[in-house]
Protein chains: 2
Amino acid sequence: MATKRAQKMEETRAKLIRAAREAFASKGYAAASMDELTAEAGLTRGALYHNFGGKQGLMQAVVDQIDQEMVERMLVAQARAASRWEGLLEEGVAYIEMALEPEVQRIMLLDGPAVLGDPSQWPNQNACLLRTTQTIQALIDEGTVKPVDAEAAARLINGAALNAALWIAAADEPHAVLPKAVEAFRQLATGLLQTEG
Amino acid sequence: MATKRAQKMEETRAKLIRAAREAFASKGYAAASMDELTAEAGLTRGALYHNFGGKQGLMQAVVDQIDQEMVERMLVAQARAASRWEGLLEEGVAYIEMALEPEVQRIMLLDGPAVLGDPSQWPNQNACLLRTTQTIQALIDEGTVKPVDAEAAARLINGAALNAALWIAAADEPHAVLPKAVEAFRQLATGLLQTEG
DNA sequence: TCAATACACATACGCTGCGTATGCGAAATT
DNA sequence: AATTTCGCATACGCAGCGTATGTGTATTGA
């Protein structure tokens, strides 16, 4: 069996990550105090340094966890779609919608890149991006999409969705501009479609 | 005439901004020490707080300056193009190329949003984005582009270009993937074109 | 031109917050 | 049961930011 120590440690890690998500999301990475954060979790900075090596390591763990959750939601969105092409679009829309959540916005879109560097270089391999790349490659293979570089297209699509999300989130009435963003996104994406000869 | 004091003050501001650009670009915002930075400019933190109110204010000034330079380069790129539509594409390509510069990448794309919040909310109004929006609106008016929301389209286009740039900059051989990104960008953009009926 | 004032910037201080070194107690090993 | 391991708390030192205060030079008014 897993030792009691290992169990306890996992619990500690979970508590710290939970508190960190809350703190990073509400105050931002820079303004979040490790002392406060750990106290919130009923621990001290000692636990933090032992488990994550430091503030940045904790951020890394938080980002990985959220990234994981986002991938899962993208999978669900894609699975719901009628065709693979619609699946790609649904993935993008799901991405946009997720970025409406302050937590995702602040941690993944604003602070994450500044603290950990370009997302595509994250250890997690940026699962979201990888998924999109695979989907596009499949669409190219089946002739639905023009033979462009799949990774390039994936990054552009994701980037477009990302900025759409930031725009929406910063808008006075997010839910009013969301449809406009989604519509523009769908239109833009058609540029990748194979022009039937 | 402008008083000597005002002249001197402008000079001081310029020196601080120059030193800040260098420091922020090379070390990143968080790791840049105000003491070192100001000493580099032959000044102290006193001057900084008097002129910019703090570290964040200095960042703001730096961002504004770079943003201004980017707009100018985008204007040049657009002016070179044969048509307005090609002008939009050239703007995007110029944007991608600019983001190859470490200074732009680090300050504008990574740290900027984390420190100052979403770019579209910057006081400068994000001149780059405003330009793109206007261009797209003109293209819609002349019937070249589908009647989508101009601002939404602009954000998507800019976002796509931005991420393409980040991808390129992080690549092993940036200049090898640049053409792939540009090609994908041009293809994607065609999605906005009016489908001739 | 000379006093008085304003003001740009330097100096000095305190506080917060990170990272590290050390200590302790409970689980694990023998 | 004795010993070792190790997860976490405690204690310390230091860097860096923001503010309050000082100082010298440019500006104003007569």
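Proteins get letters first, then strands, A, B, ... in listed order; numbering begins at 1 in each.
- At whole-Å resolution of the value, CG in B:Asp35 and P in C:dT11 are 12 Å apart.
- Of the candidates C:dC9, D:dC17, D:dC8, the closest approach to any side-chain atom of A:Ala47 belongs to D:dC8.
- In this entry the distance linking NZ of A:Lys8 with C1' of C:dA27 reads 11 Å, nearest Å.
- Within 4.0 Å (heavy atoms only), A:Ala30 reaches no atom of the nucleic acid at all.
- Residue A:His50 places none of its side-chain N or O atoms closer than 4.0 Å to OP1 or OP2 of D:dC8.
- Under 4.0 Å is where a charged nitrogen must lie from a carboxylate oxygen, and between B:Arg186 and B:Glu183 no such pair does.
- One can place CG of B:Leu48 at 15 Å from P of C:dA8, the figure rounded to the nearest angstrom.
- Considering all non-hydrogen atoms of both residues, A:Pro113 and A:Trp122 come closest at N-CZ2, 3.9 Å.
- Ionic pairing of B:Arg84 and B:Glu142 is present here: one or more N-O contacts between side-chain nitrogen and carboxylate oxygen are shorter than 4.0 angstrom.
- Using a 4.0 Å cut-off, no side-chain N or O of A:Asn51 falls inside it from OP1 or OP2 of D:dG7.
- The phosphate of D:dT10 (OP1 or OP2) has no side-chain N or O of A:Thr44 nearer than 4.0 angstrom.
- Residue-level contact check: B:Ala39 touches neither bases nor backbone, having no heavy atom under 4.0 Å from any strand.
- Between D:dC8, C:dT11, C:dC18, one nucleotide has an atom nearer to the side chain of A:Leu43 than all others, and that is D:dC8.
- Contact between the side-chain N/O atoms of B:Ser33 and the OP1/OP2 oxygens of D:dA15 is not found at any separation under 4.0 Å.
- Between B:Lys27 and B:Glu36 a salt bridge is recorded (basic side-chain N to carboxylate O distance below 4.0 Å).
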